Amino acid sequence: MIRSIIVGTGSYSPAKILTNKDMESIIDTTDEWITQRTGIKQRHIVEDGETTADLGEKAARAALENAGLTTDDLDMIILATSTPNNTFPATSVDIQNRLGMHHGVAFDVQAVCSGFVFALTTADQYIKSGYAKRILVIGAETFSRLLDWEDRTTCVLFGDGAGAVIVEAGEGEGTSADRGILTSHLRSDGVHKDKLYVDGGPSTTGTTGKLRMQGKEVFRHAVGMITDVIEDAYKATGLTSDDLDWFIPHQANKRIIDASAKKLKIDPKKVVITVDRHGNTSAASIPLAICEAVKDGRVKKGDIILLEAMGGGFTWGSVLLRW
Ligand code: ACO
């Protein structure tokens, strides 16, 4: 059977860093409060004029270079973002053009913090069906543009960044010994739409709006939803937490990550954590974390890796793969 194998990774974080100490001079907060509740120590923030397409393009170029490929080798670009440059056209089409790619197709996927898991699963379906052989999957966000910088309950949590992977069709036997994506599980339930949302949009206020969140409600649902889709992945493959080499979760909050890993009995040494250095970068956080763990040599060919995310909607999902 056809399997989707990750053959390249790349990432980009804006140069400007805001530490928790810097946040103390913007709003009534402390490094201690932010660190204790979230594990976040700093976030990267775009400069005026720097956009989601700028970040996504840089991450995409890094992934292509890492894979030793050019855009001639791609059939498709899927960008996960909730902070597009414009309402339309899709930011992926802008990135496609910046990369000098004028064949194939590019489109955006919008599932907020679960965006990368949704985009990677979408890519896997196109590859398994034979529609595409190689797909660039990007998560890129400028959440700083959606933040109400006077709301201390949200503005300390998020940051900007981009990560990208290239997935390629390969042959497998249909067992968990195969390389590539072994299974993925996506969910959504709009009954939760008011717990984490942006209070504007083209069809309502005609403005971009600002991020609003019932933090406690998000926290209350997150661990249960995450563990549900991970248990689905275990059921589908026969693998368990003991088989994992690396757990690379959406980097929203260290407390959510720790609680999920504990509930699933995942060894803390197998958990990749980068949230301390970039905050919650929504759809960019998983590829940022993957890229770091690949670069520093933790992730090796043949490793079993579990990805998961949960975000606004709510949306949530898991991807289990062999590197
Ligand atoms: N600095 C200092 N004090 C603060 C801050 C701040 N930045 N923000 C809130 N406080 C205060 C509150 O005003 C409150 O004060 P009070 O007791 O005098 O009223 C106190 O801290 C406690 O506030 P809570 O909202 O109860 O804090 P809580 O313990 O719930 O922590 C947090 C808040 C960190 C947002 C938590 O609810 C959380 O992690 N939720 C998950 C949210 C999340 O990760 N969202 C990301 C998007 S979804 C996803 O990606 C999974």
Side-chain angles (χ1 to χ4, degrees), residues 18-43 80-83 110-118 139 141-144 146-161 163 186-190 192-199 210-230 247-261 263 271 273-276 278-289 307-318:
L18 274 187
T19 64
N20 289 350
K21 278 271 164 235
D22 296 329
M23 295 303 289
E24 288 178 8
S25 62
I26 299 173
I27 35 139
D28 179 16
T29 192
T30 60
D31 172 35
E32 193 193 0
W33 191 96
I34 302 170
T35 305
Q36 266 180 11
R37 308 274 171 138
T38 71
I40 297 166
K41 297 299 286 182
Q42 63 171 46
R43 66 287 293 142
T81 190
S82 301
T83 45
Q110 211 272 46
V112 205
C113 297
S114 310
F116 184 76
V117 165
F118 276 56
E141 303 277 19
T142 47
F143 256 57
S144 62
L146 290 181
L147 297 176
D148 175 351
W149 287 92
E150 289 177 4
D151 176 8
R152 67 177 181 167
T153 67
T154 54
C155 76
V156 298
L157 302 175
F158 296 89
D160 303 331
L186 303 182
R187 289 291 320 277
S188 66
D189 188 348
H192 303 290
K193 70 182 175 60
D194 297 330
K195 296 187 177 96
L196 175 53
Y197 68 103
V198 170
D199 64 3
K210 295 292 175 205
L211 184 148
R212 307 291 171 206
M213 180 175 71
Q214 299 172 30
K216 271 197 199 312
E217 282 296 302
V218 174
F219 201 103
R220 200 164 69 77
H221 286 88
V223 178
M225 290 177 162
I226 289 164
T227 49
D228 279 354
V229 282
I230 290 174
F247 177 44
I248 310 186
H250 166 49
Q251 308 284 319
N253 179 313
K254 189 163 182 304
R255 283 198 304 157
I256 295 179
I257 296 173
D258 289 346
S260 312
K263 192 162 173 204
V271 185
I273 301 216
T274 54
V275 68
D276 50 325
H278 56 63
N280 183 348
T281 56
S282 189
S285 90
I286 292 177
L288 276 166
L307 314 176
E308 63 76 5
M310 180 263 185
F314 291 143
T315 55
W316 63 108
S318 66

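All ligand and atom numbering here is 1-based and tracks the order in the structure. These numbers come from a predicted model, not from an experiment.
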Does some side-chain heavy atom of Phe143 sit less than 4.5 Å from a side-chain heavy atom of Ser82?
yes
Should Arg212 and Asp148 count as an ion pair when the cut-off is N to O under 4.0 Å?
yes
Hey, mind stepping through Asp22 and Thr19 against side-chain contact (heavy atoms from CB on, under 4.5 Å) and telling me if it holds?
CA-CA 5 Å; Asp22 296 329; Thr19 64; 3.1 Å; yes
Is the shortest heavy-atom distance from the side chain of Phe158 to the side chain of Asn280 under 4.5 Å?
yes
When you compare the side chain of Asp31 with that of Met23, does any pair of heavy atoms fall below 4.5 Å?
no
With sequence neighbours left out, write down each residue that passes salt bridge (charged side-chain N to carboxylate O under 4.0 Å, His left out) with Asp276, or none if nothing qualifies.
none
Would you mind listing each N/O atom of ligand 1 next to any protein N/O under 3.5 Å, plus the distance?
residue: ligand 1; atom: 1 (N); partner: Thr29; partner atom: OG1; Å: 2.6
residue: ligand 1; atom: 3 (N); partner: Trp33; partner atom: NE1; Å: 3.4
residue: ligand 1; atom: 3 (N); partner: Arg152; partner atom: NH1; Å: 3.4
residue: ligand 1; atom: 7 (N); partner: Thr29; partner atom: OG1; Å: 3.1
residue: ligand 1; atom: 7 (N); partner: Arg152; partner atom: O; Å: 2.9
residue: ligand 1; atom: 13 (O); partner: Arg152; partner atom: NH2; Å: 2.9
residue: ligand 1; atom: 21 (O); partner: Trp33; partner atom: NE1; Å: 3.2
residue: ligand 1; atom: 26 (O); partner: Lys216; partner atom: NZ; Å: 2.7
residue: ligand 1; atom: 27 (O); partner: Arg37; partner atom: NH1; Å: 3.2
residue: ligand 1; atom: 29 (O); partner: Arg37; partner atom: NH1; Å: 2.5
residue: ligand 1; atom: 30 (O); partner: Lys216; partner atom: NZ; Å: 3.2
residue: ligand 1; atom: 37 (O); partner: Gly215; partner atom: O; Å: 3.3
residue: ligand 1; atom: 39 (O); partner: Asn253; partner atom: ND2; Å: 2.5
residue: ligand 1; atom: 40 (N); partner: Gly215; partner atom: O; Å: 3.0
residue: ligand 1; atom: 50 (O); partner: His250; partner atom: NE2; Å: 2.9
residue: ligand 1; atom: 50 (O); partner: Asn280; partner atom: ND2; Å: 3.3
residue: ligand 1; atom: 50 (O); partner: Met310; partner atom: O; Å: 3.4

